[in-house]
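Here the structure is a predicted model, which means the values were calculated and not measured.
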Amino acid sequence: MKNLKVFGEVPLGLSLDSNEETIGFCSFDIERNRIFFLSSHNLIYTSHLSSFHENAVWSPNASLSSSDAVTVDLEPGDAVTSFDYLMEKEALLLGTSNGLLLLHNVDDASDATQVVGKLDGGVNAVSLSPDGELVAVTTGFGQLLVMTHDWDVLYETSLHDDDVPVSEGEFLPVSWRGDGKYFATMSDACGSGSLLKKIKVWDRDSGDLLASSELRSFAGAVLEWMPSGAKIAAVCDGKDGNESPSVVFFERNGLERSRFSVDSKVKLLKWNCSSDLLAGVVECENYDAVRIWCFSNNHWYLKHEIRYLKRDEVSFIWNPTKQLQLICWTVGGQVTVSNFIWITAVMENSVALVVDGSNIHVTPLSLSLMPPPMYLFSLKFSSHVRGMAVYCKHSKNQLAAFLSNGSLCVVELPSIETWEELEGKEFSVEDSHTEMAFGSILHLEWLDSHKLLAISHYGFSHSNDLFQTSLTEGGLRGFYLQEVELECSEDLVPGLLTCSGWHAAVSNRNTLEELVIGIASNPASKHSAYIQFSRGEIQEYVSKIGISRGSLEQEHQGFSAACPWMSVALVGSAGLSKSVLFGLDEIGRLHANAGILCNNCSSFSFYSNLADQVITHLILATKQDLLFIVDIADVFNGELDSKYSNFVRINSRKKEENESFINIWERGAKIVGVLHGDEAAIILQTTRGNLECICPRKLVLVSIINALVQKRFKDALLMVRRHRINFNVIVDYCGWQAFSQLASEFVRQVNNLGYITEFVCSIKNENIIEKLYKNHISVPCPKVADVMLVGGIQNSLAGNKVSSVLMAVRKALEDHITESPARELCILTTLAQSDPPLLEDALKRIKVIREKELSHADDQGRMSYPSAEEALKHLLWLADSDAVYEAALGLYDLNLAAIVALNAQKDPKEFLPFLQELERMPTLLMQYNIDLRLKRFEKALRHIASAGDSYYDDCMTLVKKNPLLFPLALQLFTGPTKQKPFLEAWGDYLSDEKCFEDAAAIYMSCFNLDKALKSYRAINNWSGVLTVAGFLNLGKDELLHLASELCEELQALGKPGEAAKIALEYCGDVNTGVNLLITARDWEEALRVVFMHRREDLIKTVKSASLECASTLTSEYEEGLEKVGKYLARYLAVRQRRLLLAAKLQSEERAASDLDDDAASETSSNFSGMSAYTTGTKKSSAASMSSTATSKARETRRLKKRGKIRPGSPDEEIALVEHLKGMSLTVEAKRELKSLLVSLMMFGEGETCKKLQQTGENFQLSQMAAVKLAEDTISNDTINEYAHTLEQYTQKVRNEIHNSEAFSWRLKVFLSYE
């Protein structure tokens, strides 16, 4: 599915001395990239290939004069018979008819020619081995000599059989295999004048004859061994006079392998260096032609033809270093360098147009993926096709083809949907009518449906205008940019091809001063195209409008190098789209947007899922056989490196589902086409020629979502089923609330109960896009849901996703689908699949069907429903049989429960006795027992409570076993006498559950004060205890004793403030109360109590304690300040070391990713986990088998040790940060500190107070600055040793939180001026 295209032709004329001088030989110097030509006057012309790319070379006056040539002196009557370049000697090797072997040094200033040998019979042919070590020479006497490049003869043998005489003037070719291990010769086998010859294969080292072919009637002495060594090409005559010659391929053993026919005599054959192209000179009736064939899928395609006049006697060579560069020359000295590229034969509309000689084979890949050489139908032209252009816009499909005879043909094709009727047909296409020659067209592009833009050349030996004498444009020579107007005189018939009646005329012609290598139309405008010149420059051509002429406008943003593969993509949204040029150069760099996207691209294409042909994705394959699907927005947002790893394989520990590429399973496969829209497929062609069509998940999901946004639910569902995508995508993309409101439209469009049932069974209570497909598509913003729902989501459904969606689908089925058994089964499915399953509702529907069956009423209407047995079996297939059986019991329908049990194949011995026992019970007791079995305790309580007072004890037992029923029991039993036992039981339960606060409240409600007192005391609620004591009317001594006990208990629990309150208020002990307030550091309250009771003796106690506390706190803050600096310094050192190690590992990992060696990749991956500062560990196959439980236990132990700072541990960095955060002042500490400062001021200790405040403030500032510095550096990859310092951050914190709430504990009298 590819065609051969000329992207550049550069001609050069050799100025010969006279008309009699002709060019006879050519050779190539690989090392210096130059060509040598030998003329009939023994002049050697030299030209460097680099000169062919200079602008002036291909101008009309470009030539290489004889003054630049050197002469080889030969004896009179002697002539050169062979000519080649010997790289080992850096000289030309010439063989003459007199038998001389000459070595001519072209780089020597004296142009010395050295005779290195003389052979009897004259030199017939000379062939150098591929490595340049050996020289094979055939003589006029039929002898074969093989010698070294130092002219030592290794062996000599005869090419002919012993009894066969030598034919005079016979050419004896020699061809080497690519590795130089063998070579082949061709010689007569049946005597002089015989056409029967045979091919012989010789061993390089020994000279032994290894194999020979059968006698064949070979046409001429054409012999060419494929460089890869697979085939030997020769030309055979037809078996009889009516058959055409054939190019025949032989194996090394001399046996014929394959062949293909040629319509004329073949004079020369040569393989290119990669062995994929075979070129030959073919003698036709009125011209000679250079034809190029390629082999794919066991078929030989004629891909290109260049015509020359017969008098030019054209010949050619392939560039040995560039597989797609052909150098042709004529005897008159006209040299042309043609650069070819392979282009895909699949056009933008997914139609493959494969060139094969004078035919174009047409295959619409969107209808059928036919492997080549098969095709749907064929277009037959009057001459061989050299190139073409396709127009596929606005429902038009037009093809323009330019032929090797200079003709231009146009075909208008019908709509692709009607092409199936054209299968197997061949359509003859007439040449367009014109009154002027188009020249030789190199590039062709459509501007609109009636206008073409072409790059043509005139006046050269291979220009087609020389063959069109009646249309020759006099005086034109060079390259031109031509605008061609088209008009069809025939009416278009729907469903048929328009192959004739086209008229073409050149409406505008511009001379080109630079070499054009590509042309592409502008999709954003039908009147312009982009022209690419040889260095990658881009200019925009604007077609003529009205009476103005078309012209090249100012230079457009071009490429940094020449890009033979150029495409223009229309990107952006509707109304804001723009054209962007993409180009691929010869070394695999993909250019776009004035930059390089990828450095190892092998092929690329575009995908669009929109009707306006705006490109949404770039598809590219790399030389490492990776396929990337790139969102076009990522190209312009600069996210290629982060999302696509710079289009290389990064060896990491990530899972495969996180990879952004697809592995191409066959090496060297290329992208040849893309199926757009809902098809969402990429077509790859392997090196063997076969086609592979893949549907990448990313493109499939994009097309599904596009259909959902357009509310094409049926198309979306069909794509989900075809590509086996999770059905939840349909619901999750815009949210289940939005889908629930569109469920009726979904059901109406799909209208297939089987598909809907499949959809219903797949809905799960999870967002599949956020989990399974999060790497392929993004979750939409709420605006997308608003687009799907006109006016947005209103009155969103409550509940979970599954239940809400299935309820909406069920309602839509009932409203929009006609009653039928299938609809009823689908509705049952929605009930069974709900979360939780609505089995009772499903059984109620089945019960209604069963009642209709039993009543024998409305037999006609019963056709709309399935049988009850069928419906029940369907439900049992969807749900657990035990759950269905219990649901039937829950309906209290014993007959239905029995039917379910039988259909569920339960043992009658198990369920029949139970059902019979239930049947004998009163209704309420039956319901109570069923509820108990089903653990529906609330219903059970209601039923047993309704059964009468005789079952009161059963109610109490049920409630005690199920404490959640206590509130319901209090509602059911209203009298105080009946409620009190439940209240006491409830309180006892809460006491057993250690819920003493609630238990005390319950006991109080039923006036059980003793138990309430115990409950309050159990939770040390001293106010509650003393309040209940008041209700109990305890005596003064008992109350004092109780208060003393409570005071001691609170002291033991570390609540001195509350204990002080009891001591002062209930015990009247001022000394104990003040001491407890000092212990609680409630300095202001202690002073208040002292002065209230006029206890001057306790003032000194309070003052001494406050001074001692101030001294202690000052020391603690100073020590804390030192620790903050120490911990922060350690944190910065650990962080810096981690960053350096991570950078080193990343560089080594990236270096390893460029290797194809799996062992190297595995080593790099394992090494990346061997850091003392990472949580990763070196993994092996044995370690990977450890259980999940062991891993969880290890993680639990690690978290328990997190509070400790272990130097060198993986968690040291986090532990240091957490420790710094834990050093902050608590709210209680700030309250105590402020109270202490106020007390010190009251005692007149101003200096002590000031020192304490400053020390505490410095500590708090340092701690907050250290935490902020750690938070800023932990998320960065670099640490600035000047900016990231404690001093800098302390000043920053001081400025930011001045007068903030965090420092409200300070006394303003001691604040410094800022």
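- Cys26 and Ile317 get closest at one heavy-atom pair: SG-CD1, 3.6 Å.
- Taking the six-membered ring where tryptophan is involved, the planes of Phe183 and Trp202 are essentially parallel, since the angle between them stays under 30° and well short of 60°.
- Between Ala184 and Leu223, the shortest heavy-atom contact is O-CD2, 3.5 Å.
- A 6.0 Å sphere centred on CD of Glu214 holds no more than 12 heavy atoms belonging to other residues, nucleotides or ligands.
- Checking side-chain atoms of Asn253 against main-chain N and O of Leu255 turns up a donor-acceptor pair under 3.5 Å.
- The backbone N or O of Ser228 lies less than 3.5 Å from a partner atom in the side chain of Ser275, making a donor-acceptor pair.
- For the pair Asp625 (side chain) and Gly668 (backbone), a donor-acceptor distance under 3.5 Å is present.
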- Task: Would you sort out whether Leu92 and Asn105 count as a side-chain contact (heavy atoms from CB on, under 4.5 Å), showing the intermediate values?
- Result: CA-CA 6 Å; Leu92 289 166; Asn105 193 334; over 6 Å; no
- Val116/Leu102 under side-chain contact (heavy atoms from CB on, under 4.5 Å): CA gap, chis, key distance, verdict: CA-CA 6 Å; Val116 296; Leu102 304 176; over 6 Å; no
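- Side-chain atoms of Asp585 come within 3.5 Å of backbone atoms of Arg589 as a donor-acceptor pair (strictly under, hydrogens ignored).
- The side-chain heavy atoms of Leu269 and Val247, taken from C-beta on, include a pair separated by under 4.5 Å.
- Counting only heavy atoms from C-beta outward, the side chains of Asp312 and Tyr287 never approach each other to under 4.5 Å.
- A heavy-atom distance below 4.5 Å is not found between the side chains of Met186 and Val222.
- Classification of the Phe218-Phe250 ring pair by plane angle, with boundaries at 30° and 60°, yields tilted.
- If you check the side chains of Ser39 and Glu21, you find a donor sitting under 3.5 Å from an acceptor.
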- Between Gln624 and Asn600, is a side chain to side chain donor-acceptor pair (under 3.5 Å) present by the stated rule, with each step listed? CA-CA 8 Å; Gln624 287 75 36; Asn600 60 344; 2.3 Å; yes
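- Here the shortest heavy-atom pairing between His104 and Thr71 reads CE1-O, 4.2 Å.
- For CG of Asn19, the number of neighbouring non-hydrogen atoms (other residues, nucleotides, ligands) closer than 6.0 Å is 12 at most.
- For Trp329 and Phe25, the distance between ring centers is not under 6.0 angstrom.
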- Test side-chain contact (heavy atoms from CB on, under 4.5 Å) on Lys198 and Leu215 and set out the steps. CA-CA 5 Å; Lys198 65 169 58 177; Leu215 292 176; 3.8 Å; yes
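- Taking 4.5 Å as the limit, some side-chain heavy atom of Trp225 sits within range of a side-chain heavy atom of Tyr182.
- The closest side-chain donor-acceptor pair between Ser27 and Asp84, if any, does not fall under 3.5 angstrom.
- The distance from the CG atom of Leu14 to the OG1 atom of Thr22 is 11.5 Å, given to the nearest 0.5 Å.
- Under the 3.5 Å distance criterion, the side-chain polar atoms of Ser97 are matched with a main-chain donor or acceptor of Ala79.
- Taking all atoms of both residues into account, the shortest heavy-atom contact from Ser296 to Gln685 is OG-NE2, 4.2 Å.
- Checked for salt-bridge contact, Asp263 and Arg291 meet the test: a charged N lies under 4.0 Å from a carboxylate O.
- How far CD of Glu251 is from OG of Ser213: 12.5 Å, rounded to the nearest 0.5 Å.
- One finds the NE2 atom of His384 at 13.0 Å from the CD1 atom of Ile306 (value rounded to the nearest 0.5 Å).
- In summary, Glu9 and Arg386 engage in a salt bridge, as defined by a charged side-chain N under 4.0 Å from a carboxylate O.
- Summarising the geometry, atom CG belonging to Asn272 is positioned 6.5 Å from atom CG belonging to Leu324; distances are rounded to the nearest 0.5 Å.
- Contact detail for Val235 and Pro245: the closest heavy-atom pair is CG1-CB, 4.4 Å.
- Cation-pi geometry between Lys2 and Trp342 is satisfied (NZ or CZ under 6.0 Å from the ring centre, within 45° of the ring normal).
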- Item | Step-by-step salt bridge (Lys or Arg N to Asp or Glu O under 4.0 Å) determination, Lys322 to Glu586 | CA-CA 11 Å; Lys322 294 185 177 180; Glu586 293 182 292; 5.6 Å; no
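- One finds a salt bridge joining Arg216 and Glu256 here, because a Lys/Arg side-chain nitrogen approaches an Asp/Glu carboxylate oxygen to under 4.0 Å.
- Inter-residue side-chain proximity for Val146 and Val135 is flagged as unmet; no heavy-atom pair is nearer than 4.5 Å.
- Comment: Lys181 does not engage Asp131 in a salt bridge, judged by the lack of any side-chain N to carboxylate O separation of less than 4.0 angstrom.
- With 3.5 Å as the limit, one finds no donor-acceptor pair spanning the side chains of Asp150 and Thr148.
- With respect to Glu305 and Arg307, a salt bridge is recorded, a charged nitrogen being found less than 4.0 Å from a carboxylate O.
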- Task: Evaluate ring-ring contact (aromatic ring centres under 6.0 Å, His included) for Trp293 paired with Tyr301, printing each intermediate quantity in order.
- Result: CA-CA 5 Å; Trp293 296 272; Tyr301 293 88; over 10 Å; no
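- Tyr45 contributes no side-chain N or O that, together with a main-chain N or O of Leu16, makes up a donor-acceptor pair within less than 3.5 Å.
- Here the side chains of Asp288 and Val282 are not in contact, with every heavy-atom distance at 4.5 Å or above.
- Under 3.5 Å, the side chains of Thr96 and Asp78 contain a donor-acceptor pair of N or O atoms.
- The environment of NZ in Lys200 is crowded: more than 12 heavy-atom neighbours from other residues, nucleotides or ligands sit within 6.0 Å.
- In the displayed structure, Lys265 atom NZ is contacted under 6.0 Å by at most 12 heavy atoms of other residues, nucleotides or ligands.
- Between the side chain of Ser158 and the main chain of His160, a donor-acceptor pair closer than 3.5 Å is present.
- Within the 4.5 Å cutoff, no side-chain heavy atoms of Thr622 are placed close to those of Cys601.
- The nearest pair of heavy atoms linking Cys236 to Val248 is SG-CG2, 3.6 Å.
- By the 4.5 Å heavy-atom criterion applied to side chains, Lys670 and Ser602 are counted as neighbours.
- In this structure, Leu172 CG and Ser127 OG are separated by 12.5 Å, a value rounded to the nearest 0.5 Å.
- For the pair Lys303 and Phe340, the NZ or CZ position fails the cation-pi test of under 6.0 Å to the six-membered ring centre and within 45 degrees of the ring normal.
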- Item | Verdict with supporting geometry, Leu49 and Arg34, side-chain contact (heavy atoms from CB on, under 4.5 Å) | CA-CA 5 Å; Leu49 275 182; Arg34 56 183 175 174; over 6 Å; no
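- Atom-to-atom distance recorded for Gln143:CD and Thr157:OG1 is 7.0 Å, nearest 0.5 angstrom.
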